[in-house]
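Working notes for the structure below.
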Amino acid sequence: MTAARDALPWQAGLWAHMSRAIADGHVGHGLLFCGPPGVGKRAFAERTVRALLCRDRTADGDACDRCGACHQYKAGTHPDLSQLVPEETGRLIKVEAVRAFAERLQLTSQYDTGRLGWIEPAEALSASAANSLLKTLEEPPAGCHIVLITDRVSAVMPTIRSRCQLWRVPPPAPAEARAWLSAQGIAAEGLDSDSLRTPLAVHTRQSRDYDRLEAAWDADLAELLAARADAVEVAERAAADPADLWLDWLYRRSGALLTASLGQGADAELPAPLARAGARLEPAALQRWCARVAETARLAHTNADWRLVIESLLLHLSEAVRRTR
Ligand SMILES: [Zn+2]
């Protein structure tokens, strides 16, 4: 795969700005990429990083994919690239990890393109971790760039935001999203406008691994609704999976369960055991639970402990089930 071929078509305008900024040396030391999950901001940030590290960029400003630096990047062995991510998905990034990261950025770079730091998700930086990063963002080592990724820019510490160049990655127009999904072999008919704004999330949901996860979550949820499973044990299993995907799945399921409980017919996507269980639930209790799920989905990534968040959501659902029976 080449950087240019990986490019998402709806980002052409933004890329023109970025490639010019890179060519003119106007690209910031701190680069904060934001946009909803599935809009393609990580792909755009990766394209930027590849271009910054490449020794022989193309006329479009993309990485050449042929030089030594490009080969090392693709092999995951580029010596000047450092990552800062939570130890576990959904947890905060700790201040000790930030210190080690800042020290790595201070080391002399192997190439004259300078060192590159990658922080994801940026809102996972705790207040103390963010404070510890400020000095590096204010006075970065020569040639160093720090890339930060976030789904929710408002959840990123203001002190971090104000020291970064902000790159908002736009959603595609519906027609662009449909064309792109078709090119990936995914049927785009019947997708709602929200899904079309985040086509990469649709792509992830349609991948094989997601099918496996979803089947396991659906099975656990059906057991929970039948009062045959323990919410704490189910939460334990779910907490090991990607929190953003799980929450997205729960959000869709909660809405479909509510529809079923109101007797408004089953959502075609909802597995039969869940549709049957949903029809037996008391709508008012389920409605309160749905509001809780929606609120948690809105706050995704700001929570310190996903295991507890998941557990709390499932315990509330168990409680609603118990009251119905
Ligand atoms: Zn290259």
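Every heavy atom of this structure was used, including side-chain atoms; hydrogens, water molecules and symmetry mates were not. Whatever order the structure lists ligands and atoms in, that order sets their numbers, starting from 1. As the structure is a computational prediction, the values presented were derived from the model and not from experiment.
Electrostatic pairing of Glu123 and Arg161 does not count as a salt bridge here, judged by no charged N lying under 4.0 Å from a carboxylate O. Comment: Arg252 engages Glu214 in a salt bridge, judged by a side-chain N to carboxylate O separation of less than 4.0 angstrom. Ion pair Arg237/Asp220 flagged as a salt bridge, since at least one NZ, NE, NH1 or NH2 atom sits closer than 4.0 Å to an Asp/Glu carboxylate oxygen.
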Audit row: Arg292, Glu295, salt bridge (Lys or Arg N to Asp or Glu O under 4.0 Å) steps and yes/no: CA-CA 5 Å; Arg292 195 179 282 272; Glu295 176 66 8; over 6 Å; no
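Using a 3.5 Å distance cut-off with no hydrogens or angles, the side chains of Gln165 and Trp167 do pair a donor with an acceptor.
To the nearest 0.5 Å, atoms CZ (Phe33) and CG (Asp151) are separated by 14.5 Å.
Around the Zn ion (ligand 1), protein N, O or S atoms at less than 2.8 Å comprise Cys54 SG, Cys64 SG, Cys67 SG, Cys70 SG.
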